Novice: 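Here you go, one structure.
Since the structure is predicted, the reported quantities are computational estimates derived from the model, not experimental observations. In what follows, residues are counted from 1 in the order of the sequence shown.
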Amino acid sequence: MADADLLEVLTYPAETEINVPVVIQGRYNPDRIVRVAAIAEDRFPLKVLQTPATGLWEIPANNGFQQAGLRWFRVQGFDQNEVLLDDDLFRIVVRPPALTFTLRADTVFKASTSDSRLLPDGQKVDLKAGTVLRAYRYGAIDNHFKVYLTEPVPPVGDFGYLWQPHVEVTLPWTLRCEVDTWFGIDPLPPEDLPSDRRVALPAGTILNVLSHSSQGNYVRVQLAQPLAPVGPEGFLRRQGLTLSRLGETLYLSPLPEVPLADATLQITQRTFFKRTTDQAGQLPESDRALLEPGARYPVLAYSCERGHFRVRLAETVPPVGREGFFFAQHVLLTRNGQPIPYDPNLRVLTARRNTFFKKYPLDTQVLDRSDRVELLAGQTCGVLDYALAKDHVRVTLATGLPPVGDRGYVYRPHVQLQQGERTISLQPERRVLGVVYFSQRDNPRDPLVTCNVTTIAMVLYFHGVRPRQRGTQLEDELYQWIIERHGRSARGDNSVLQRLYYAYGFRGGFNTNRTWAQIRHEIDQGRPVAIGGQFVRSPAGHIVCVVGYTREGLIVHDPYGDARTGYSVTEGPALLYTYRFLTQELVGDGTTWAHFILPN
């Protein structure tokens with residue numbers, strides 16, 4: 001062993017599964033190193049066995065890891081005076097056990113989420129009911145499972161999509177009660193049920209659900225754990241419930257729609273206008289209309305649900321009518337020529353009472369008529385970004401309201417701001433941009449180390465960039481650009497990342513030692529920031545997307561996510577966790593850097 005390399009890690013699995021025993025071994029120079037220490041994620045000390053005669057060290061075999069994720073370890077060598085002589089880091093990817101997907105109906109395994117009728121033969125394969133597939137990586141998008149199979153299925157291969165209603169898989173949903181509600185043995189109001197056949201659930205209650213189905217105004221659920229006195233099966237009212245799994249969220253009551261003006265929906269490839277989000281092949285002819293590319297329709301209002309735009313059109317499309325669903329990847333929704341992204345976490349502002357949208361945060365009585373417009377109680381508006389201004393909220397609306405326009409103020413006590421069905425707490429000194437969240441964990445290639453392209457994809461998507469090939473993720477397209485030109489190992493090269501967004505028509509650049517004031521200025525200018533470095537939770541480096549700030553720190557979209565929020569948007573419980581590890585490390589010593597990406 002070279003003198004400069006006093007400590008080495010020789011044996012460890014680069015990848016393993018949950019609860020599989022792991023052996024970690026290495027060697028050290030016993031003439032210089034007296035004690036070898038190991039610590040997991042700089043928090044959990046591990047037992048180390050040393051054999052000075054052979055210069056080998058070992059972390060004894062254990063029962064493996066109980067949670068999936070990227071785990072990292074630090075091994076250190078100390079001399080007789082407890083002086084640190086050598087320090088080494090290594091990582092282990094812990095996968096969940098391969099999940100079994102059983103087809104409950106004849107279905108199609110396909111290369112994209114597009115309707116299978118519209119895909120060429122080389123991008124789909126028919127599979128029979130009862131077929132069992134195993135996947136060691138999986139996610140959810142647009143009411144599909146995206147799976148990385150242990151065995152490829154030709155001609156599609158080992159990565160593709162399955163329509164969720166056709167698949168049986170034991171994968172619990174997380175049900176959250178956004179309002180006070182009741183769990184009952186029958187689909188009846190709580191006052192019509194005896195006390196031993198109902199249980200109150202306060203707002204914020206979270207339950208694991210194995211299966212669910214709609215029954216009128218109620219949802220029937222099978223719980224992973226019984227809930228006394230009702231048991232494992234029962235009913236909840238649909239209003240105020242959300243179901244989430246693998247980053248996908250279902251809102252069981254209708255979401256508020258966003259009114260639009262000067263908006264147009266263009267068909268970009270053959271698709272269906274439908275009464276529901278079900279696949280067109282499952283709907284009767286009276287519930288769907290096949291439309292050709294190039295067709296355009298004026299849109300009066302929209303919302304985003306299960307991979308679809310729910311729209312209210314200015315004209316009727318027989319036989320469906322004026323209201324229905326378009327698969328988001330088959331259409332282009334624009335307002336005044338600017339694309340409107342599909343965003344299941346769309347923010348909606350609702351007037352609690354009659355109030356005004358104003359050019360200035362002043363009492364309405366001192367404003368001219370040209371500086372205000374009335375909002376009636378219950379009226380809704382889409383919100384692209386917002387910030388607090390004393391007792392008002394400054395918002396940028398998806399659709400302007402004449403004569404004020406799209407930027408202005410509302411009196412905070414008179415309005416409610418929602419993201420999905422979650423009410424946003426309007427805290428002082430808070431500004432958040434409407435950046436759509438992307439997760440690196442569902443990327444088909446290298447999901448645990450593609451935080452960089454996933455973060456940059458969020459920034460570019462916010463500025464209007466869309467995948468060039470329908471049915472693919474933008475971050476996958478960016479990663480392919482790097483691989484084709486610079487190789488897979490270049491994904492961590494900041495100069496390559498800069499060339500990447502230059503190639504997509506952007507400017508700006510990479511710089512170290514950015515200050516909080518500079519980052520907040522970018523957010524105030526409506527530009528999200530890609531920020532990265534060697535943080536407390538990720539010594540090997542990590543990159544996140546700054547989407548806003550509060551008085552305490554930054555609000556970020558962490559593409560890796562956080563286990564406590566189900567790997568989703570870090571605005572909530574994970575917010576404190578995320579910006580805390582950022583602020584602790586942003587000290588201007590070159591370990592932290594940022595890409596300020598500017599549209600031309």
Novice: Roughly how far apart are R347 CZ and Q418 CD, rounded to 0.5 Å?
Specialist: 12.5 Å
Novice: Is D106 reaching over with its side chain to a backbone N or O of A129, donor-acceptor style, under 3.5 angstrom?
Specialist: yes
Novice: Measure the spacing between OG of S114 and CD of Q329 and express it to the nearest 0.5 Å.
Specialist: 6.0 Å
Novice: Check side chain to side chain donor-acceptor pair (under 3.5 Å) between Q379 and all other residues, then give those that pass, not counting sequence neighbours.
Specialist: none
Novice: Taking all non-hydrogen atoms of both residues, which atom of F101 and which atom of A135 are closest, and how far apart?
Specialist: CE1-CB, 3.7 Å
Novice: For the residue pair D385 and V395, establish whether any side-chain heavy-atom pair is separated by less than 4.5 Å.
Specialist: no
Novice: For Y297 and E315, what are the C-alpha separation, side-chain angles and deciding distance, and is it a side chain to side chain contact (heavy atoms under 4.5 Å, CB included)?
Specialist: CA-CA 7 Å; Y297 301 93; E315 60 186 72; 3.6 Å; yes
Novice: Would you compute the distance between atom CD1 of I39 and atom CZ of F73 and round it to the nearest 0.5 angstrom?
Specialist: 11.0 Å
Novice: Looking at V230 and G184, what are the two nearest heavy atoms and their distance?
Specialist: CG1-C, 4.0 Å
Novice: How close do Y218 and P187 get, counting heavy atoms only, and between which atoms?
Specialist: CE1-O, 3.6 Å
Novice: Applying salt bridge (charged side-chain N to carboxylate O under 4.0 Å, His left out), which residue pairs with at least one partner in residues 181-193 are found, sequence neighbours left out?
Specialist: D186-R197
Novice: Kindly indicate whether the side chain of L162, heavy atoms from C-beta on, has any atom under 4.5 Å from the side chain of L133.
Specialist: yes
Novice: Once rounded to the nearest 0.5 Å, what's the spacing between atom CG of L201 and atom SG of C177?
Specialist: 5.0 Å
Novice: Applying side chain to side chain contact (heavy atoms under 4.5 Å, CB included), run through Q222 and E233 and close with a yes or a no.
Specialist: CA-CA 5 Å; Q222 180 185 1; E233 295 188 13; 4.1 Å; yes
Novice: Got a second to check how far R335's CZ is from L333's CG, nearest 0.5 Å?
Specialist: 11.0 Å
Novice: Taking salt bridge (Lys or Arg N to Asp or Glu O under 4.0 Å) as the definition, give me every residue that meets it alongside E285, ordered by chain and number, with sequence neighbours left out.
Specialist: R288
Novice: Between F159 and Y161, does the ring centre distance come in under 6.0 Å?
Specialist: yes
Novice: So, using side chain to side chain donor-acceptor pair (under 3.5 Å) as the criterion, who are the partners of H308 when residues are at least two apart?
Specialist: K274
Novice: Does a side-chain heavy-atom distance below 4.5 Å link V311 with V331?
Specialist: no
Novice: Does Y342 reach the main-chain N or O of C304 with its side chain, forming a donor-acceptor pair under 3.5 Å?
Specialist: no
Novice: Within the structure provided, determine whether F272 and V320 are in side-chain contact (heavy-atom separation under 4.5 Å).
Specialist: no
Novice: Check the orientation of Y437 and H557. Use parallel for under 30°, tilted for 30 to 60°, and perpendicular for over 60°.
Specialist: perpendicular
Novice: Is any side-chain heavy atom of L300 closer than 4.5 Å to one of P259?
Specialist: no
Novice: Does E151 have more than 12 heavy atoms from other residues, nucleotides or ligands lying within 6.0 Å of its CD?
Specialist: no
Novice: Check F356, Y411, Y386 against H392 for a ring pair (Phe, Tyr, Trp, His ring centres under 6.0 Å) and give me the one that passes.
Specialist: Y411
Novice: Which pair of non-hydrogen atoms, one from A301 and one from V299, has the smallest distance, and what is that distance?
Specialist: O-CG1, 3.3 Å
Novice: What residues form a salt bridge (Lys or Arg N to Asp or Glu O under 4.0 Å) with D287, not counting sequence neighbours?
Specialist: R275
Novice: Are the side chains of L149 and F109 in contact, using a 4.5 Å heavy-atom criterion?
Specialist: yes
Novice: Once side chain to side chain donor-acceptor pair (under 3.5 Å) is applied, do any residues pair with T454, and if so which ones, sequence neighbours excluded?
Specialist: N443
Novice: More than 12 foreign heavy atoms under 6.0 Å from CZ of R407: is that the case here?
Specialist: no
Novice: Give, for atom NZ of K146 and atom OG of S112, the distance between the pair rounded to the nearest 0.5 Å.
Specialist: 12.5 Å
Novice: Side-chain contact test, heavy atoms from C-beta onward, threshold under 4.5 Å: evaluate it for M458 versus V547 and give yes or no.
Specialist: no
Novice: Flag the pair N208 / L210 as yes when at least one side-chain heavy-atom distance between them is below 4.5 Å, and no otherwise.
Specialist: no
Novice: Short question: side chain of R198, backbone of P190 - any donor-acceptor pair under 3.5 Å?
Specialist: yes
Novice: Quick one: closest heavy-atom pair of G130 and T102, and the distance?
Specialist: O-CG2, 4.4 Å
Novice: One pair to check against side chain to side chain contact (heavy atoms under 4.5 Å, CB included): C381 and L375. What are the steps and the verdict?
Specialist: CA-CA 10 Å; C381 303; L375 296 177; 4.3 Å; yes
Novice: Could you check Y148 against D158 for side chain to side chain contact (heavy atoms under 4.5 Å, CB included), going step by step and ending with a plain yes or no?
Specialist: CA-CA 6 Å; Y148 211 123; D158 54 9; 3.4 Å; yes
Novice: I need the minimum non-hydrogen distance between S195 and P229, along with the two atoms involved.
Specialist: O-CG, 4.0 Å
